[in-house]
Enquirer: 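Quick one: the structure is below, questions incoming.
All values below come from the heavy atoms of this structure, side chains included, with hydrogens, waters and symmetry mates left out. A, B, ... follow the sequence lines: proteins, then strands. Residue 1 opens every chain. Everything numeric in this text was worked out from a predicted model, so none of it was measured.
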Amino acid sequence: MKVKVYAAPFFNLSAMDENGYVSLKAGSTVNSLYKKLKIPFPLRPLMKSFVNYKPAKRNKKLEEGDIVSMLSIISGG
Amino acid sequence: MKGYLGKVLLVDLSSGEITPEEIDDKIYEKYMSGMGLGAYYLHKNIPEDADPLGPENILGFISGLLTGTGSLMTGRWMVVCKSPLTGGWGDANCGGTLSPFIKRCGYDAIFFKGISEKPVYLYIDDNGAELRDAAHVWGKDAVEAEDTLSNECKIKKNAVATIGKAGEKISLISGIVNDQGRIAARSGVGAVMGSKKLKALVLAGSKPIESHDPAKIKEISKEFSAKIKDQNLPGFMKGWVLPIMSKLMSMAKNASAMDGLMAAGIFKKWGTVFINTMGIPNGDSPVKNWKGSVKDFNRKYYKHLNPDLIIKKQTKVYSCYSCVMACGGICDIKDNKYGDFTHTHKPEYETCCSFGTLLMNKDMDAIYYINELLNRAGMDSISAGNTVAFALECYENGVLTQKDTDGLDLTWGNAEAIIELVKLMINRQGIGDILADGVKKGAEKIGEKAVPYGMHAGGQEPGMHDSRLDPMLGVHYSVEASPGKHTTGANLFYNGSHLWSYVSWAPEITKYPRKEDFDVSEINAIKAMANSCYKMIIDGAGGCWLAGTLGVQHWKIFDWLNATTGWEKSPDEYMEMGHRIQTTRQMFNVKHGIDPMSFKIVDRMSGKPPLEKGPLAGVSFDIENMMRKYWEVIGWDPATGAPTDEVKEKLELK
């Protein structure tokens with residue numbers, strides 16, 4: 001299955017395809033996505049993600065087409 | 001009429017006449033309110049040879065179409081005029097609490113023309129408007145003037161906008177202040193107000209603001225508010241993490257779409273000062289007048305600007321009218337070594353950078369102190385910081401000596417000398433008189449040798465975001481009718497905006513190599529055009545630009561606009577309104593004799609020559625052709641920058 005990922009460029013985006021999707025095995029969780037994006041293990045418990053714009057825990061099961069948002073940085077001031 | 005009042009007030013300061021004017025519904029449907037109403041009115045009514053500091057110039061204070069309707073983050077007020085700083089279109093905007101009061105007085109906008117014989121202020125309540133003597137507040141700083149006028153007002157619920165000493169002394173980098181030191185700072189709007197001898201506006205109206213579908217507005221607001229409430233940073237996010245993230249960002253080869261909402265937690269925690277340290281390792285923050293890098297302003301320096309240290313001093317968090325993010329704050333500075341102010345607004349990132357990183361100054365006490373000096377004087381901290389940087393580099397190269405600087409040793413990072421120079425600029429004394437009008441005018445007075453050290457676009461000093469990191473910033477610094485501003489667009493902003501989900505012609509962002517940002521390409525030009533048009537909608541609505549960066553799928557401005565007005569327009573139709581406003585501002589500039597290419601950022605800002613050290617070493621880009629591509633895409637002549645007959649016809653501007 002594929003999920004859409006919105007993440008800041010400091011994450012490893014190599015697992016993301018040209019359309020911004022990451023492929024995962026069926027039944028994968030948010031934590032599986034962290035692994036796929038190579039987010040260092042010690043940081044994973046501290047990460048905060050949203051699935052379809054709602055807060056999600058690490059064990060949240062993902063479904064085809066879900067949108068997963070992670071920390072982003074927008075400059076300004 | 002829903003969301004707008006259909007009426008503006010024209011105040012002739014020469015004759016003392018105050019006249020309400022009705023504005024046809026069709027004008028709102030073409031231009032919205034806010035920036036658009038200002039562009040329509042000024043383009044129509046300011047003659048082409050008007051002196052920006054003369055009686056023919058018009059100064060407008062305008063509320064937003066969404067202000068006061070129950071929509072969120074839509075409480076900003078606009079000031080518009082012919083800019084004495086650039087000679088073309090001028091605008092500035094500000095948060096705080098003034099904007100809804102303009103509408104509560106029964107008007108969408110208040111325009112001033114003429115020049116008063118003596119200092120006056122405008123007072124409006126539900127019974128009407130009158131000009132009152134301001135002799136007793138002329139000479140007072142903005143905070144004192146606001147306190148005095150607000151206390152004199154019999155109606156407790158009021159809002160005051162005023163100039164400080166900088167505006168009274170016609171500094172071309174002065175702004176207009178509300179809420180005890182918050183400034184609509186750019187374009188020299190304070191100088192125009194000072195030239196008219198208009199000290200302040202005191203607004204105490206209480207008229208209702210109606211909307212087409214208040215229940216729908218409430219529903220959208222509730223959803224947005226809940227999303228912001230959910231956004232809180234995890235515990236590990238301390239200030240020390242920010243430079244690490246910045247370094248990682250600078251190493252990224254690819255860019256992708258982001259969910260801008262995820263940045264809300266950062267704004268909630270620190271406000272804009274998170275960029276103080278985050279902007280340095282990746283090159284976002286210009287260092288040493290745009291010629292340095294993190295190799296110069298390294299951790300030993302920037303650790304003093306750590307946002308954690310700033311929020312430790314914060315005694316109060318506040319938000320602008322109708323905001324749920326609350327990025328503002330008040331800092332206790334009773335122990336400040338430079339002066340006797342008790343508190344100041346939490347300095348914005350722009351101030352911390354322009355008086356810190358840009359000047360190689362690591363002394364936060366100096367930055368707090370200067371922040372309060374400038375807020376009270378009503379002087380733009382971006383322009384003032386750039387101008388001090390210009391003076392420091394002139395001094396470094398012998399173009400200015402201690403003989404010229406009233407004995408000040410203007411070496412990089414000399415906080416005491418920087419403070420004294422700021423005071424001289426505010427009071428227009430000595431070298432400060434030369435510098436009080438910004439870098440371009442300053443260089444003209446100092447001489448040819450000073451010219452290379454002035455960073456500006458069309459005479460206006462740039463925001464504190466380096467165009468060599470994100471060249472789309474350079475495009476917006478150069479093509480906007482009021483140049484040099486950082487709050488219109490950048491690739492980073494576009495990638496979080498999600499405009500492509502709503503606007504048929506906005507290019508979708510997925511993942512792409514970051515190096516493509518530097519291409520002179522149609523797709524980059526279309527993205528920049530989308531930024532410009534969207535910004536005009538935000539400014540027409542009275543929206544906060546930071547809310548725009550959260551993403552249009554969250555901050556549902558198009559839905560709010562329809563619920564407020566009942567227009568039922570599509571996002572494409574709103575973007576066409578944005579296009580019309582943007583083009584009208586450009587027509588204003590052409591009418592007033594501006595050569596659009598003269599607004600191109602100075603060479604250093606596009607990497608000519610490129611930096612030799614730091615994350616932006618070797619970077620340069622073809623800004624001239626990027627500007628031409630933008631002009632071509634938006635329907636302006638790629639050779640001259642003037643809007644073409646075709647686009648004027650399409651936008652019904654002929």
Enquirer: Measuring from B:Lys511:NZ to B:Asn495:CG, what's the distance to the nearest 0.5 Å?
Expert: 13.5 Å

Enquirer: Is B:Glu508 salt-bridged to A:Lys4, cutoff N-O under 4.0 Å?
Expert: yes

Enquirer: Return the option, out of B:Ile509, B:Leu248, B:Thr351, with the maximum number of heavy-atom pairs under 4.5 Å with chain A.
Expert: B:Leu248

Enquirer: Picking from B:Ala255, B:Cys327, B:Ser256, which has the most non-hydrogen pairs under 4.5 angstrom with chain A?
Expert: B:Ser256

Enquirer: Measuring heavy-atom distances to chain A, does B:Leu233 have an atom under 4.5 Å in its side chain, in its backbone, in both, or in neither?
Expert: side chain

Enquirer: Which atoms of B:Asn232 come close to chain A, meaning under 4.5 Å heavy atom to heavy atom: side chain ones, backbone ones, both, or neither?
Expert: both

Enquirer: For residues B:Glu223 and B:His554, is any side-chain donor paired with an opposing acceptor at under 3.5 Å?
Expert: no

Enquirer: Among residues at least two apart in sequence or on other chains, which ones pass side chain to side chain contact (heavy atoms under 4.5 Å, CB included) with A:Lys2?
Expert: A:Asp17, A:Tyr21, A:Ser23, A:Glu64

Enquirer: Quick one: are B:Thr277 and B:Ser246 in side-chain contact, heavy atoms under 4.5 Å?
Expert: no

Enquirer: Hey, which of A:Ser49, A:Ser69, A:Pro55 has the most heavy atom pairs under 4.5 Å with chain B?
Expert: A:Ser69

Enquirer: Count the heavy-atom pairs under 4.5 Å between each of B:Ala252, B:Cys352, B:Ala264, B:Ala257 and chain A, then report the option with the highest count.
Expert: B:Ala257

Enquirer: Is A:Ser14 in contact with chain B via its backbone, its side chain, both, or neither, using a 4.5 Å heavy-atom distance?
Expert: backbone

Enquirer: Return yes if a side-chain donor-acceptor contact under 3.5 Å exists between B:Glu480 and B:Ser532, otherwise no.
Expert: yes

